[in-house]
Chemist: 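Take this structure, written in structure tokens, and hold onto it; I'll ask about it next.
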Amino acid sequence: MPELPEVETTVKGLRARVLKRAFVDVWSDWQKTIKKPVAFEDFKKELKNKKILNISRRAKNVIFDLSSGYSLLVHQKMTGHLLVGTWKFENGRWLPEEKGPLEDSYNLFIHLVFFLDDGNMMALSDLRKFAKVELWDSKELKKELEKLGPEPLEKTFTFKKFKEALKGKRGKIKIVLMNPEVVSGIGNIYANEALWMAKIHPKKDVSKIKESELRKLFDAIKKVLALGVELGGESFSDYRKPDGSKGSFGTERKVYKREKQPCFRCKTIIKRIHFNGRSSFICETCQQL
DNA sequence: TGCAGTGTTGCTTC
DNA sequence: CGAAGCAACACTGC
């Protein structure tokens, strides 16, 4: 799914619905999603009757701390999203029991279902099946997550911290920004948006960016991610909130997926370029190399 | 029909 | 050895 704002939106929605609940059972028709422990029966056994004590986000990971001292980690990757509701299994797939946003076609790729002790279900819908689920010893997971870059929306993420994160990094700024070991949570949408906002070309070499531009980029990252969280993320594709509804960041998107449309600042036609295996969207007037 | 795709890792190549 | 490029994962929608 998704990037920091989408994962944060998911976590908020889950807190309201599944915090303090316990797992009753687990179902899956694509057990490859569960990487740890590999054996599905072991995974099931470890979860059964365990209560969800806390739900948090670190980078693009959703983390459920359980009463057993273990933590369930869900990384939704490209198309995964967690939903809460009730479904019935019919003709080989899960159909929502109620009318409403859960009926959205993107919500029907359910390959993993957690049954909860209040009768609700938490489901992982994942069209491309790239998502991963892992069960960790909570302390070990904490240690593992320290390898990731700083959280850009934390108060402790200062301009100084940002510069430290970039220190010694070489190459194109967009690739560096999207590296999870440099800064957490920035993916293709928000990297494009932040670079446009700061008027920096995505291919600009990190070493060639001036202090003043870096400052603008820092501000832009904070601003665009905070706005994304406020608006519940971006749902132009398959990302949905846990209730199945769409986020509304789309109304604020300035460059991503706006190829051939005019720049909101200067009317230059937005161009799509390709590198690092991804699309970048730029205004060649505002963002120069 | 063919290709792009909100992510990450790991292999290959230079 | 480091950096850059690319495939892999898997499948739908445009």
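Naming convention: chains lettered A, B, ... in sequence-line order (proteins, then strands); numbering from 1 in each chain.
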Chemist: Verify the contact: side-chain N or O of A:H75 to OP1 or OP2 of B:dT8, cut-off strictly under 4.0 Å; return yes or no.
Modeler: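 Answer is yes, contact under 4.0 Å.
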Chemist: Can you give me every donor-acceptor pair (side chain of residues 21-28 of chain A, partner residue at least two apart or in another chain, under 3.5 Å) with its distance?
Modeler:
{"unit_1": "A:R21", "atom_1": "NE", "unit_2": "A:D117", "atom_2": "OD1", "d": "2.6"}
{"unit_1": "A:S28", "atom_1": "OG", "unit_2": "A:W30", "atom_2": "N", "d": "3.0"}
{"unit_1": "A:S28", "atom_1": "OG", "unit_2": "A:W30", "atom_2": "O", "d": "3.3"}
{"unit_1": "A:S28", "atom_1": "OG", "unit_2": "A:H111", "atom_2": "O", "d": "2.9"}

Chemist: Between C:dC9 and B:dT1, how many Å separate the two C1' atoms, rounded to a whole number?
Modeler: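 Rounded to whole Å, the distance is 23 Å.
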Chemist: What stem regions, each of at least 3 consecutive Watson-Crick or G-U pairs below 3.5 Å, can be found for DNA chain C?
Modeler: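 Result, WC/G-U stems under 3.5 Å: B:2-5 with C:11-14, B:7-14 with C:2-9.
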Chemist: Parallel, tilted or perpendicular: which one describes the rings of A:H81 and A:Y239, with boundaries at 30° and 60°?
Modeler: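 Judged by the thresholds at 30° and 60°, the geometry between A:H81 and A:Y239 is perpendicular.
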Chemist: So do A:K199 and A:R265 actually touch side chain to side chain, heavy atoms under 4.5 Å?
Modeler: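 When only atoms from C-beta onward are counted, A:K199 and A:R265 do touch, with a gap below 4.5 Å.
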Chemist: For A:F281, what residues pass the ring-ring contact (aromatic ring centres under 6.0 Å, His included) criterion, not counting sequence neighbours?
Modeler: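 Per chain and number, A:F281 pairs via ring-ring contact (aromatic ring centres under 6.0 Å, His included) with A:Y256.
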Chemist: Distance between the C1' atoms of B:dA4 and C:dC6, in whole angstroms?
Modeler: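 These two C1' atoms come out 16 Å apart once rounded.
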Chemist: Give, ordered by number, those residues of residues 269-280 of chain A having at least one heavy-atom distance below 4.0 Å to an atom of DNA chain B; if nothing qualifies, reply none.
Modeler: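 Within this stretch, A:R272, A:H274, A:R278, A:S279 sit under 4.0 Å of the strand.
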Chemist: Between A:E211 and A:K163 (salt bridge meaning N to carboxylate O under 4.0 Å), is one present in this structure?
Modeler: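 Counted as a salt bridge, because a side-chain N and a carboxylate O are separated by less than 4.0 Å.
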Chemist: What is the minimum heavy-atom distance between A:G233 and A:T9, and which atoms define it?
Modeler: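 Distance-wise, the nearest heavy atoms are N-OG1, 3.8 Å.
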Chemist: Using a 6.0 Å cut-off, check whether atom NZ of A:K129 has over 12 heavy atoms from anything other than its own residue.
Modeler: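 Counting other residues, nucleotides and ligands, NZ of A:K129 exceeds 12 neighbours.
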Chemist: Can you name the side-chain contact (heavy atoms from CB on, under 4.5 Å) partners of A:S67, sequence neighbours left out?
Modeler: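 For A:S67 the side-chain contact (heavy atoms from CB on, under 4.5 Å) partners, ignoring immediate neighbours, are A:K50, A:K51, A:L53.
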Chemist: Hey, are the side chains of A:S280 and A:N192 touching, using non-hydrogen atoms and a 4.5 Å cut-off?
Modeler: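 A:S280 reaches A:N192 side chain to side chain.
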Chemist: Measure the shortest side-chain to side-chain distance between A:K36 and A:V38 over non-hydrogen atoms and say whether it is less than 4.5 angstrom.
Modeler: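 The answer is no, as the side chains (C-beta and beyond) never meet within the 4.5 Å cut-off.
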Chemist: Is any NZ, NE, NH1 or NH2 atom of the basic residue among A:E90 and A:R93 found under 4.0 Å from an Asp or Glu carboxylate oxygen of the other?
Modeler: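 Looking at A:R93 together with A:E90, the answer is no, because their closest N to O distance does not fall below 4.0 Å.
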Chemist: Is there a side-chain contact between A:Y70 and A:L72, using heavy atoms and a 4.5 Å cut-off?
Modeler: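 Of all side-chain heavy-atom pairs linking A:L72 with A:Y70, none is under 4.5 Å.
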Chemist: Anything under 30° is parallel, anything over 60° is perpendicular, the rest tilted; go ahead and classify A:F249 against A:Y190.
Modeler: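 Answer is tilted, since the angle falls between 30° and 60°.
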Chemist: Quick one: salt bridge (Lys or Arg N to Asp or Glu O under 4.0 Å) partners of A:K254, sequence neighbours excluded?
Modeler: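 Salt bridge (Lys or Arg N to Asp or Glu O under 4.0 Å) list for A:K254, sorted by chain: A:E252.
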Chemist: Starting from C1' on B:dG7, measure out to CG on A:L127 and report it in whole angstrom.
Modeler: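 Interatomic distance, CG of A:L127 to C1' of B:dG7: 15 Å.
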Chemist: Below 4.0 angstrom, which residues in residues 181-203 of chain A have at least one non-hydrogen atom near DNA chain B?
Modeler: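 Nucleic-acid contacts, sorted: A:G187, A:N188, A:I189.
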Chemist: What is the distance, rounded to the nearest whole Å, between atom NZ of A:K35 and atom P of B:dG7?
Modeler: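 Rounding to the nearest Å, NZ of A:K35 and P of B:dG7 are 17 Å apart.
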Chemist: Find out whether the Lys NZ or Arg CZ of A:R240 is both under 6.0 angstrom from the six-membered ring centre of A:Y106 and within 45° of the ring's axis.
Modeler: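 A:R240 over A:Y106 ring: no.
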Chemist: Mind checking salt bridge (Lys or Arg N to Asp or Glu O under 4.0 Å) for A:E97 and listing every partner two or more places apart, or none if nothing turns up?
Modeler: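 In terms of salt bridge (Lys or Arg N to Asp or Glu O under 4.0 Å), with neighbours along the sequence ignored, A:E97 is linked to no residue.
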Chemist: Just distance, no hydrogens or angles: give the donor-acceptor pairs under 3.5 Å from side chains in residues 42-49 of chain A, sequence neighbours left out.
Modeler:
none

Chemist: Can you see whether A:F264 has A:R258 sitting over its ring - NZ or CZ less than 6.0 Å from the centre and within 45° of the normal?
Modeler: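 Yes, A:R258 sits over the ring of A:F264.
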Chemist: In residues 128-150 of chain A, what residues come within less than 4.0 Å of DNA chain C, judged by heavy atoms?
Modeler: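 Those residues whose heavy atoms fall under 4.0 Å from DNA chain C, taken from residues 128-150 of chain A in numerical order, are A:R128, A:K129, A:F130.
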Chemist: Which residues in residues 100-113 of chain A have a heavy atom closer than 4.0 Å to any atom of DNA chain C?
Modeler: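 By residue number: A:Y106, A:F109.
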Chemist: Would you measure the distance from the P atom in C:dC1 across to the matching atom in B:dC11 and give it in whole Å?
Modeler: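 Nearest-Å result for C:dC1 against B:dC11 at atom P: 16 Å.
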Chemist: With a 4.0 angstrom cut-off to heavy atoms of chain A, pull out the first and last contacting nucleotide of DNA chain C, in 5'-to-3' order.
Modeler: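 First-to-last contact on DNA chain C, by the 4.0 Å heavy-atom rule, is C:dA3 to C:dG13.
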